[in-house]
Amino acid sequence: MVKIAVFASGSGSNFQSIMDSDIDATVELLVCDKPGAYVEKRAEKHRVDVFSFTAKDYSSKALFEQEILKELQRRDIELLVLAGYMRLVGPTLLREFQGRIINIHPSLLPAFPGLDAIGQAFEANVKVSGVTIHFVDDGMDTGPIIAQEPVRIEETDTKEDVQRKIQAVEHILYPKTIQNVISQWQRSVN
Ligand code: GRF
């Protein structure tokens, strides 16, 4: 079983879909930068350890990432899964987890990176948006793409409709892609 840490800032529906999936991994830790976020309740329910922090309490990103790193290392975490973590990962974690950090983004990257990707797509009146899962590098929603799935936007769709459709795809695509990444590692060591 591969040991995973999920990083999230909000409701955690993707965290939930990972917990509910049948993958060759165990979620050992939730890292949350918004104390009180609903994702923490989900973690507690599943008896997953939570490391919760407020960035403002630290004078630099390096300092809070060092704390996170300690939590990851003492649990032998192998893969970092960002699921609605609203922060750029800094050099402290990137260096240690090179090629072992993945993120999910609610658009077909490189279209609509950054905040409110669903709103951006809706405003742009595109007919197709979707979901991207990619390895994380030091950019904003950049890094090699692992999986993508399109979602059609109909004329009559509201922004909420688009959000619902995109999240439904996310909840299937993320666990499946995590499993594919793990299977690929397992094949490469055997
Ligand atoms: C998802 O749409 C994900 O693509 C984006 O943030 C959202 C998180 O949603 N990065 P949730 O907290 O998992 O419900």
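Note that ligands are numbered from 1 as they come in the structure, with each ligand's atoms numbered from 1 the same way.
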Exercise. Mind checking what makes side-chain contact (heavy atoms from CB on, under 4.5 Å) contact with A168, not counting sequence neighbours?
Worked result: none
For this session: Assess whether salt bridge (charged side-chain N to carboxylate O under 4.0 Å, His left out) is satisfied between E44 and R47, documenting all intermediate values.
Result: CA-CA 5 Å; E44 284 156 21; R47 304 203 190 309; over 6 Å; no
Seminar exercise, completed: Close residues (non-hydrogen atom under 4.0 angstrom from ligand 1) work out to S11, G12, S13, N14, G84, I104, H105, P106, Q167, E170
Problem set entry | Electrostatic pair R164:D157 at N-O distance under 4.0 angstrom | no
For this session: Decide yes or no on side-chain hydrogen bond (donor to acceptor under 3.5 Å, both in side chains) for N180 and T177, but give the supporting numbers first.
Result: CA-CA 5 Å; N180 286 343; T177 305; 5.1 Å; no
For this session: Apply the test side-chain contact (heavy atoms from CB on, under 4.5 Å) to residues L115 and M86: give CA-CA distance (whole Å), side-chain angles for both, the deciding distance (0.1 Å), then the verdict.
Result: CA-CA 8 Å; L115 287 177; M86 304 303 284; 3.4 Å; yes
Exercise. Side-chain heavy atoms under 4.5 angstrom apart, residues restricted to Ile, Leu, Val, Met, Phe, Trp, Tyr: same cluster for I133 and L79?
Worked result: yes
